[in-house]
Amino acid sequence: MRRADRLMQLVQILRDGTLHRAGDLAAATNVSLRTIYRDMETLAASGVPIEGERGIGYRVTAAITLPPLNLTMTELEALHLGLLAVGQGQDTELSAAAEALSNKLDAVMPEDRSRAPPGYSLAVYPFADAARGFQYLPQMRQAIRTRQKLALVLDDEERIVRPLQLDYWGRLWTCVVWCETRKDFDALRVDQITDLRVLPSLFVDEADKSLSAFNARRHSQSENATSGRK
């Protein structure tokens with residue numbers, strides 16, 4: 001498994017908000033404890049709101065805030081897009097200022113920052129890579145609001161999905177969907193989508209295909225994993 005894929009798998013495991021021991025995370029991803037410790041440090045440095053420490057466990061906390069501001073996901077997206085546009089421009093002075101600003105933003109994020117984190121452009125998910133998916137976010141957000149199905153291409157496979165929720169994980173966006181192609185829930189990395197079309201067909205909430213059903217399954221899996229450790 002590629003490291004980027006393993007990091008994404010760890011985020012999916014931790015996103016239930018419960019405490020997970022490093023040993024269990026290592027077993028789930030088939031790596032050593034030392035690798036898990038490094039991965040947790042990498043995720044935290046990349047902006048994922050990781051809470052915990054060695055010997056206790058780790059979990060992902062929810063809110064993303066910038067004191068004294070509370071940012072919505074849309075406002076945070078706008079901020080990142082602005083930094084991207086400036087940071088990749090030809091004006092070296094402005095590019096350097098964007099890099100400095102990204103470092104300052106990282107420094108005031110609410111997570112524990114005992115070590116100076118890298119700037120946005122040096123994150124584990126490079127800003128330019130994550131930005132590939134930005135073009136689809138407005139369409140996905142609107143489709144979630146209007147309950148419209150999407151046809152998208154991911155890993156050269158076309159899939160028809162019902163978009164349910166957008167999540168932000170430290171410069172990386174994912175979308176929780178019910179996939180009609182695979183007949184199951186999935187959390188798709190938006191930066192890996194290579195094509196997207198909004199379909200005219202609408203969908204209605206169905207008990208077994210809704211966001212609440214996805215959250216219930218995730219909670220059940222977490223409880224089963226916890227009981228299995230006792």
Side-chain angles (χ1 to χ4, degrees), residues 1 3-77 79-80 102-120 122-127 130 165-176 187-191 211-212 214-230:
M1 181 187 299
R3 189 180 187 221
D5 294 333
R6 184 178 71 251
L7 291 171
M8 193 64 235
Q9 182 182 354
L10 287 169
V11 167
Q12 295 303 319
I13 294 172
L14 294 168
R15 67 182 294 167
D16 60 13
T18 61
L19 202 64
H20 293 265
R21 295 187 304 180
D24 297 321
L25 296 173
T29 54
N30 196 32
V31 295
S32 67
L33 272 176
R34 181 176 296 180
T35 297
I36 290 297
Y37 295 147
R38 287 199 302 264
D39 286 349
M40 292 301 102
E41 292 174 354
T42 299
L43 288 173
S46 296
V48 178
I50 294 286
E51 180 181 274
E53 58 185 86
R54 301 184 185 188
I56 297 178
Y58 300 91
R59 65 179 177 180
V60 167
T61 57
I64 298 177
T65 60
L66 286 176
L69 299 176
N70 292 319
L71 298 184
T72 67
M73 290 301 182
T74 306
E75 291 167 343
L76 192 62
E77 178 188 344
L79 177 61
H80 282 186
S102 72
N103 288 331
K104 290 179 181 178
L105 291 173
D106 268 341
V108 298
M109 291 293 277
E111 308 91 54
D112 177 19
R113 300 288 181 169
S114 56
R115 285 172 297 277
Y120 279 26
L122 301 178
V124 61
Y125 297 112
F127 200 27
Q165 176 176 281
L166 280 168
D167 293 309
Y168 175 76
W169 304 102
R171 306 169 189 78
L172 180 70
W173 288 86
T174 62
C175 186
V176 176
L188 308 178
R189 281 179 51 177
V190 176
D191 65 306
L211 183 61
S212 59
F214 170 79
N215 289 330
R217 178 195 289 189
R218 188 178 61 189
H219 180 69
S220 176
Q221 291 172 341
S222 176
E223 285 190 333
N224 291 337
T226 301
S227 62
R229 295 197 296 263
K230 295 180 179 178

Checklist entry - In Å and rounded to the nearest 0.5 Å, what is the CG to NE2 distance from Leu10 to His20? => result 10.5 Å
Checklist entry - Are any non-hydrogen side-chain atoms of Val60 and Ile50 less than 4.5 angstrom apart? => result yes
Distance-only donor-acceptor hits, side chain of residues 51-59, under 3.5 Å, sequence neighbours excluded:
| unit_1 | atom_1 | unit_2 | atom_2 | d |
| --- | --- | --- | --- | --- |
| Glu51 | OE2 | Arg59 | NE | 2.7 |
| Glu51 | OE2 | Arg59 | NH2 | 2.6 |
| Tyr58 | OH | Arg54 | N | 3.4 |

Checklist entry - Which is it for Asp5 and Met8 under the side chain to side chain contact (heavy atoms under 4.5 Å, CB included) test, yes or no, and what are the steps along the way? => result CA-CA 5 Å; Asp5 294 333; Met8 193 64 235; 5.7 Å; no
Next on the checklist: If I take atom CG from residue Leu25 and atom CG from residue Asp39, how far apart are they, to the nearest 0.5 angstrom?
Outcome noted: 9.5 Å
Item to check | Partners meeting side chain to side chain contact (heavy atoms under 4.5 Å, CB included) with Ser32 (sequence neighbours left out) | outcome: Arg34, Thr35
Checklist entry - Got a second to check how far Leu14's CG is from Gln9's CD, nearest 0.5 Å? => result 10.5 Å
Checklist entry - Can you tell me how far the OG1 atom of Thr174 sits from the CG atom of Leu166, to the nearest 0.5 Å? => result 7.5 Å
Checklist entry - What's the shortest heavy-atom distance between Ile13 and Ala28, and which atoms? => result CD1-CB, 4.0 Å
Item to check | Between OG1 on residue Thr29 and CD1 on residue Ile36, distance to nearest 0.5 Å | outcome: 3.5 Å
Next on the checklist: Nearest 0.5 Å, please: how far is CG in Leu188 from CG in Asp167?
Outcome noted: 11.5 Å
